[in-house]
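Here is the structure we will look at, set down as C-alpha cells.
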Amino acid sequence: MGVVMRSWSLLVCVLVVLSGCGSEVEVSEDNEALLGEGLDSDVETLLGSSRLRDFASSNVPVVGAAVIVAPATSNPQYAAALATHYNEVSPEVALKWEVLRPSPVEYRFGDADALVSLAEASGQSVRGHTLVWEVNLPAWLNDTLGPTGVRDAMLTHIDTVVRRYSGRIAHWDVVNEALTSGGTYRNNVFLRAMGPSYISQAFVAAHAADPTAKLAYNDFAIEFPGAKQDAAFAMVRDLRAAGVPVHEVGIQLHTRPTDWVNGVITTQMLRDTIRRFGSLGVEVYITELDARLDQLSGPDNFRLEVQRQVYWNVAAACYAEPACNGVTTWGFTDLHTWLPAGSKPLPFDSSFVAKPAADGLASGLLGLAAQPVTRTSDTSCFGLSGALFCDALESDSLYGWGQVRQAGGQVASLATGAYRGLRAVRATTPTAPATRRGYVEKRVNGTGTTIWSRARLFVPSTSANDLTMFTMDEPLAPYFGVGVGMDATGRVILRVAGTPATRVLGPTFPRGRWVCAELRIQVADVGGQAELFLDGSRVGLLQNVDTLFASGYGTVKAGIIYAPPAGTPAEVRADEIVVSATRPGCQ
Ligand code: 9MR
C-alpha cells in the first residue's frame, strides 16, 4: 500500500551539477540571485529526499494541497501520499456552507473535524477555505432572509466556524471570488443584503473569532494584469487603509499550459503580480494551482513536459518573490480533481506516482530559475484574432508511419497517428510513397483575417520531390487549400484548391541551404491575395485567390507537406514554422 514514488531523477541531476559533482553548468544572473549561498548543503540534504514538503524553505514555507474527505479517510494510498508530500492542506469542500450548514440552526463539523485532525497528526497546517463565497451555499441562505437575516447568518457562521478551529486553522480564505472579470463586485446574496461592506464585515468578524489566524482575500484570474487584478488590488488596499484585518492575498492559479505556451502568462508577469500585491503589506499565496493538460494537444510526453515547466515556473516565481509564502495545488492526484476527466492537472498521477510536474514544482521550490516554457518562436500568435492556441509544431503522418525529429535530432515520435515535435520537423523518407506534413494550426474567426506564415526550410540539393510549404485549411486532403510550394523541378508554385488551380509563381526554390519563406494570405476573403516571400524578397503575388473555404472551418495551418517518392533518401527539414497575425519577418 506504500506510495509509489518516481525518483526525482531530473532534479537530482540538476542538483548534482549545481553542487559541483558533475560538469560545469552555466548559472544565469537570475539563477545566481535565486540560488544564494548555502545551496550546496541544502542540496546535500535534499538529494536523498523524494518528499515535496522537504522542498519547503524560509522562502516558500508552505507546500500545500487541497484535500477531500472521502479518500483522505478511506484510501490509505491517498492519505499516505498527502502526509508524505505536503505540510499544509486546504479542505476542498468540507468547510463550505453547504456541508457545514444543512439548516440555519445546524452545524455539521464531521468532515472538517476529521480533516483538521488528520492534518495535525501529519504535522500539517490548515488553510481554511472558505467563509464567504456565493457558490455552494445551502438553499435556505437566500434573499428571502432579508438584509438583516443574511447579515446575521453570515456573521454567526463566521464566528462559530472560526472560533471552533481557533488556533488550529492557520489561515482563512475569508472572502472568495468577490469580483467579476470587469472588476465590479459580483452580484451575490451577501452584496445584495449588505452592499460591498459585507467584505469588511466578514474580515472583522473572522479576526474577532480568532485573532491569531491570517485572513485572506482569494480569487482567480488575478494573476493577469487588467481590470480584475486592479480591482482586487484597490479593494485590498482600501480595506487595509481602513484598518480591516486583511493579511493575505490568495492567487488561485487554475492555470492553462496553453496560456504559458502562448505567453498569455509568463513567470515575470506572475512575479510582478505577486510583488504588486506584496507592496500592500500582505503575504501572497498560490492557493489553488492546477494546470490542465486536456487543452494542450500533442503526445503525453510533450504535454507533461510543458506541465512540468509550468509548475516549475510558478514555484520559482513564488520563491523569487519575498511576498510569496506558499504554493498549494488544488488536489494533488489526478484521481481527484474538480476539472474534467482527462485534464490530468496535478503533480501526481491517478496511481499516486509523481509526474514531471512534481519535479518541476520541487525544482522551482528550490529556487532554480524559471524555465522558458516550450513554445513556437512566434510570440505574437496569441494575439491572433480568435486564436484558441498557439502550440509547438504539430506533425502527423497521414498513413501512420514515418519519423519526426525535433530540432536537436531527438526523435519526437515514431509515427503512428498524430505526434508533435518541438519547433522543428524532419521527415525522413520511408520505403514507400506517402505524404508527410508538419504544421502549426490556428483557429481564427475567419472573415477578412490576414495571416502571415513563416517557415525556415532546408531542401537538400539532391531533392526533386514535391513540396508544399504552407497550406491554409486542409479539411479533405493534402494540397487542399492554399499552399506555396515547390514542384518536382524546383519551381515555386502556388497551389489553390478548386479554381484557379496551381499557378507557377516563377523562381526556382533554392536548395541545399536554409531558406526563410513567408506567405501572406487573407483568409475568408473572396478575391484575396496571396504573396510569397523568400529570404525577404517578394517572389510571387497571386490575386483573386478564393480563400473563402477557410472561414467554414475557421482553421489555418502552416507547415510543410512533403511527398517523397518510394525509397528516396532525401529529406526536408523545417524549423520555426509560425503562424501570426503580424508579419513575423525573416532572419
Ligand atoms: O474543487 C471544488 C469542487 O470540488 C466543488 O464542487 C466546488 C464547489 O464548492 O468548488 C471547487 O473548488 C473551487 C474553490 O472552492 C474556489 N475556487 C475555484 C475552485 C474550483 O472550482
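In each ligand, atom 1 is the first atom listed, and ligand 1 is the first ligand listed. What you see is a predicted model, and the numbers here were worked out from it, not measured in a lab.
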> For the side-chain contact (heavy atoms from CB on, under 4.5 Å) test, which of Asn136, Leu137, Leu141 pairs with Glu98?
Replying inline: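 Exactly one option meets the side-chain contact (heavy atoms from CB on, under 4.5 Å) with Glu98, and it is Asn136.
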Please tabulate, line by line, the atom pairs linking an N/O of ligand 1 to a protein N/O at a distance below 3.5 Å, with the distance in Å to 0.1, or answer 'none'.
residue	atom	partner	partner atom	Å
ligand 1	1 (O)	Glu92	OE2	2.4
ligand 1	1 (O)	Trp330	NE1	3.0
ligand 1	4 (O)	Glu92	OE2	3.4
ligand 1	9 (O)	Lys96	NZ	2.9
ligand 1	9 (O)	Asn136	ND2	2.9
ligand 1	10 (O)	Lys96	NZ	2.8
ligand 1	12 (O)	Lys96	NZ	3.4
ligand 1	12 (O)	Trp330	NE1	3.1
ligand 1	15 (O)	Lys96	NZ	2.6
ligand 1	15 (O)	His129	NE2	2.6
ligand 1	17 (N)	Glu177	OE2	2.7
ligand 1	17 (N)	Gln252	OE1	3.1
ligand 1	17 (N)	Gln252	NE2	3.4
ligand 1	17 (N)	Glu288	OE1	2.7
ligand 1	17 (N)	Glu288	OE2	3.4

> Does any pair with a residue in residues 157-167 pass salt bridge (charged side-chain N to carboxylate O under 4.0 Å, His left out), and if so which ones, sequence neighbours excluded?
Replying inline: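 Output for this query lists Asp113-Arg164, Asp159-Arg163.
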>> Quick test of your reading: applying salt bridge (charged side-chain N to carboxylate O under 4.0 Å, His left out), list the pairs with at least one residue in residues 323-335, sequence neighbours left out, ordered by first then second residue.
In response: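 Residue pairs passing salt bridge (charged side-chain N to carboxylate O under 4.0 Å, His left out), neighbours aside: Asp334-Lys355.
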>> Suppose the criterion is side chain to side chain donor-acceptor pair (under 3.5 Å): which pairs have a residue in residues 231-242, not counting sequence neighbours?
In response: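 Counting only pairs at least two positions apart or across chains, no side chain to side chain donor-acceptor pair (under 3.5 Å) contact touches residues 231-242.
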> For Lys214, does the NZ atom have more than 12 heavy-atom neighbours from other residues, nucleotides or ligands under 6.0 Å away?
Replying inline: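 Not more than 12 within 6.0 Å, no.
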>> Atom CZ of residue position Arg151 - does it have more than 12 heavy atoms of other residues, nucleotides or ligands inside 6.0 Å?
In response: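 No.
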